[in-house]
Amino acid sequence: MTFVCAKLVSLLLAGGFVAAQVSRIEVRVVDSQGAAVPQARVEARCGSGTTSELGVAELECAAPVEVSVSAAGFETARVTVTGASQTVQLAPAMVRNSVDVVVSDAPTVPVVSGDAVEIDRTGARTVFDAVEKLVPGAFVTHRGVLGYGISSNGTGQISIRGVGESPNAAVLIVVDGRPDFQGEMGHPLPDFFSLTDVGRVSVTEGPASVLYGSNAMGGVVEISPIRPSGENETRVMGSLGSFATGQYRLSNGGALGRFFYNVTGGISHTNGDRDFSHFREGDGSVLVGYDFSDHWKGTIDGRYGHFTVEDPGPLTNPASKNTAAVGRGGFSANLEDAYGRLYGSIRVYGSYGRNFITDGFRSIDDATGVRVDQTFAVSPTLLVEVGSDVMHYGGEAHQFRGVQYGTHHIDEQAGFLLAQWTPVRRLRFNAGYRYQANSQFGGISAPEAGASYGFSDKYSVAFQASRGFRNPTLRELYLFPAPNPTLMPETVWNYQAMFHARPLRTFHAWTTVYYARLDDMIVVLGRYPNLNLQNAGAAINRGLEVSSEWRPLGRVRVQGGYGYVRSTNLAPYVPAHKVNYSVEFPVRRLTVDFSGITVGQRYTSTAHTAHLDGYTDATLRLSYPLGERWTFFAMADNLFNQSYQFLPGYPMPGVNGSGGFMLRF
């Protein structure tokens with residue numbers, strides 16, 4: 001009897017101890033006028049919930065904890081809850097022609113995005129790597145464990161729904177609201193987009209030219225830098241693995257009264273899995289800001305990075321000392337305003353770069369611009385966004401052996417307008433228009449329009465039609481392979497329909513079908529040396545995308561996605577089929593993340609006479625917290641030791657591993 005009583009007492013004490021460890025936080029969600037926002041999604045690592053009619057959600061979490069709050073018609077907010085309850089105010093948002101992989105409750109067209117935590121759990125090493133792992137409709141080429149490279153055998157070519165081109169000038173990269181591309185070539189340099197200063201990555205699938213103009217024909221990848229949360233915080237990450245592959249990141253941010261700041265630095269390196277495939281990269285950023293009042297905030301930030309990458313050549317023709325070195329920097333000065341019915345920003349920005357390739361090519365490029373963007377809540381049912389862009393970009397280039405390509409610049413000016421009208425709660429219309437003037441060829445228009453209807457809080461449909469465009473680059477106009485200064489913009493008309501369902505609080509999914517007609521595509525005609533660039537290409541892309549997420553238990557998450565594109569002129573190295581999947585679950589304090597992609601065969605030429613076989617690339621990541629500050633992790637990539645290639649003659653490494661730590665204080 002004494003033993004039984006003692007056992008009951010020990011069980012009660014144990015139960016009390018467990019109960020003492022479980023805390024509850026309350027999150028109240030309101031709009032810009034202070035009214036409650038029902039059916040808002042509140043998510044944290046420890047669980048998730050949906051707000052009631054009073055705008056309140058409760059989570060079984062212990063403060064402090066970072067939460068993400070999203071709701072239809074509002075910008076997603078991310079805050080740190082430090083007490084038992086906290087009120088989160090959401091700003092109204094325009095419907096974007098985008099898709100959200102980190103789940104959003106938008107009953108219209110979803111938003112594809114991933115924060116730093118989401119990216120880390122996939123084992124991604126770069127921004128482009130994260131995009132490929134999280135977005136079913138996106139595909140990125142590689143040639144090794146690290147280092148995409150540039151020039152003829154460069155990889156990092158990103159395509160969205162089969163649109164991307166080579167060089168990659170049809171998908172725009174936007175860093176903190178600033179378009180980032182090489183001035184003469186018109187394409188981004190993938191090795192410059194490390195994870196050193198990344199707070200969140202969002203992907204728009206399909207044209208986004210109304211908002212961003214040229215190069216946003218296939219879609220947009222938006223990179224939001226790390227922003228200080230208020231309290232001084234330092235984060236350190238270090239990892240080392242196969243082929244002497246290492247990555248190290250440091251960030252420190254905080255506030256001093258009304259001043260706030262953030263400083264980051266990072267280094268990445270590898271010896272590569274082949275001879276002469278080294279890669280070295282370092283970058284850093286500095287942000288300082290000041291809260292002038294509750295309505296006005298100013299920030300200035302700058303960043304610089306430098307990388308050196310070797311190209312080992314295909315196995316049939318290996319190369320040595322084939323090196324490219326690139327240094328790039330950028331800055332922006334921002335003034336942001338936020339009132340109850342008005343918010344936006346004024347941004348002055350610039351970027352520059354120096355490029356050196358051992359084949360003799362040298363170039364210096366630059367870009368400067370101004371962007372003004374304001375959103376007005378004209379009424380509770382009408383939202384209007386107006387903006388203007390001005391940009392001057394270009395550069396100079398020459399060949400080491402005496403070929404001078406000269407100095408060239410282009411000026412662009414644009415204005416845009418978007419409107420969103422919600423006549424009744426479940427019905428929404430949106431429309432937009434941009435007119436952009438270009439000093440090379442004149443002006444071009446980009447309209448868009450759409451509508452969405454929610455049958456209930458669980459099911460909705462949306463439709464969208466939009467036009468996108470890509471201006472010819474300075475390379476195509478004046479450099480090589482066959483410059484033609486009379487080239488005109490490429491265009492696309494994209495039509496899509498989406499069905500979104502959340503039949504259960506723990507499960508949601510959406511399906512998108514699209515039809516895109518591409519015209520005036522710039523193609524190379526003839527044979528060397530009699531080449532000619534002309535607006536002579538066209539294609540029709542039709543496709544399907546399916547994404548879903550299921551959270552059966554608090555820390556258990558299952559995600560999946562499938563992308564299919566059928567094209568009358570499918571580009572080389574673009575797969576018709578791609579599947580993304582991931583499973584996350586706890587084993588006591590250990591967190592297990594298994595993720596992967598399965599890719600179908602890809603053609604290696606425009607003639608479709610040869611192809612590369614499909615493959616599966618799986619990643620296993622284990623993470624274990626030690627106290628409140630330290631987390632240790634280990635990762636195995638290409639878990640099934642698959643033999644595959646993105647480019648002919650460039651085999652990807654077999655199973656490889658790494659391990660490291662994350663420290664936060």
Side-chain angles (χ1 to χ4, degrees), residues 41 43 48 68 70 72 76 95-115 117-119 121-122 124 129-140 158-163 200-206 208 218-222 452 454 458-464 494 496-514 516 541-552 556-566 575-584 593-600 616-619:
R41 184 72 172 171
E43 295 182 311
S48 62
S68 173
S70 58
T76 299
V95 172
R96 304 298 187 202
N97 181 22
S98 49
V99 185
D100 200 353
V101 176
V102 179
V103 183
S104 162
D105 266 350
T108 55
V109 189
V111 179
V112 178
S113 49
D115 57 19
V117 174
E118 178 82 0
I119 291 171
R121 77 181 188 87
T122 67
D129 199 10
V131 169
E132 183 186 34
K133 289 174 179 289
L134 292 173
V135 184
F139 184 71
V140 179
I158 181 172
S159 63
I160 296 179
R161 295 180 174 175
V163 180
R200 193 168 184 85
V201 176
S202 299
V203 179
T204 298
E205 297 188 88
V220 173
V221 177
E222 296 184 70
S452 65
K458 295 182 178 180
Y459 302 98
S460 64
V461 293
F463 305 92
Q464 189 86 11
N494 181 80
Q496 67 180 43
M498 192 211 74
F499 175 72
H500 179 261
R502 186 184 287 276
L504 304 172
R505 183 181 63 84
T506 58
F507 176 82
H508 89 144
W510 62 84
T511 300
T512 303
V513 293
Y514 61 87
N541 290 358
R542 289 162 286 185
L544 166 73
E545 293 169 354
V546 181
S547 294
S548 64
E549 182 183 79
W550 180 40
R551 296 194 179 209
V556 178
R557 175 165 57 174
V558 181
Q559 287 181 308
Y562 168 68
Y564 166 71
V565 57
R566 180 181 180 183
H577 302 272
K578 176 172 174 255
V579 181
N580 294 49
Y581 40 87
S582 67
V583 180
E584 178 182 21
D593 286 296
F594 173 81
S595 62
I597 63 173
T598 297
V599 174
T616 292
D617 182 13
T619 300

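- A 4.5 Å side-chain heavy-atom check between Asn541 and Val163 finds at least one atom pair inside the cut-off.
- A distance of 5.0 Å separates CE in Met498 from OG in Ser460, rounded to the nearest 0.5 Å.
- In this model, a donor atom of one side chain and an acceptor atom of the other lie less than 3.5 Å apart for Arg161 and Gln496.
- To the nearest 0.5 Å, atoms NZ (Lys133) and CG (Asp617) are separated by 5.5 Å.
- With sequence neighbours left out, Asp129 forms a salt bridge (charged side-chain N to carboxylate O under 4.0 Å, His left out) with no residue at all.
- Atom OH of Tyr514 and atom CZ of Arg542 lie 11.0 Å apart (nearest 0.5 Å).
- The ring-ring contact (aromatic ring centres under 6.0 Å, His included) test applied to Tyr564 returns His577, not counting sequence neighbours.
- Applying the side-chain hydrogen bond (donor to acceptor under 3.5 Å, both in side chains) rule to Thr506 yields no partners; only residues at least two apart in sequence or on another chain are considered.
- Between His508 and Arg41, the closest side-chain pair of non-hydrogen atoms is not below 4.5 Å.
- Among all heavy-atom pairs drawn from Val131 and Ala138, the shortest one is CG1-CB, 3.8 Å.
- With rounding to the nearest 0.5 angstrom, the CD atom of Glu43 is 6.0 Å from the OG atom of Ser68.
- Checked against side chain to side chain contact (heavy atoms under 4.5 Å, CB included), Phe499 has the following partners two or more places apart in sequence or in another chain: Tyr459, Val461, Ala501.
- Residues satisfying the side chain to side chain contact (heavy atoms under 4.5 Å, CB included) test with Asn580, not counting sequence neighbours, are Pro136, Lys578, Ile597.
- Under the rule for a side-chain hydrogen bond (donor to acceptor under 3.5 Å, both in side chains), the partners of Tyr581 that lie at least two apart in sequence or sit in another chain are Thr598.
- Side-chain contact check for Leu544 versus Thr511: some heavy-atom pair is nearer than 4.5 Å.
- Two residues are said to be in side-chain contact when any heavy atoms from C-beta on lie closer than 4.5 Å; Asp593 and Thr122 fail this criterion.
- By the side chain to side chain contact (heavy atoms under 4.5 Å, CB included) test, Val556 pairs with Pro552, Leu553, Phe585, Pro586, sequence neighbours left out.
- Atom CH2 of Trp510 sits about 9.0 Å away from atom CZ of Arg502, to the nearest 0.5 Å.
- Under the rule for a side chain to side chain contact (heavy atoms under 4.5 Å, CB included), the partners of Val220 that lie at least two apart in sequence or sit in another chain are Leu172, Val174, Thr204, Ala208, Tyr212, Ala216, Glu222.
- Between Ser582 and Arg121 the shortest side-chain heavy-atom distance falls below 4.5 Å.
- The side-chain heavy atoms of Ser452 and Phe463, taken from C-beta on, include no pair separated by under 4.5 Å.
- Considering CG of Leu504 and NZ of Lys458, their distance stands at 7.0 Å, rounded to 0.5 Å.
- With sequence neighbours excluded, the residues forming a side-chain hydrogen bond (donor to acceptor under 3.5 Å, both in side chains) with Glu584 are Arg45, Arg557, listed by chain and number.
- A heavy-atom distance below 4.5 Å is found between the side chains of Val599 and Phe139.
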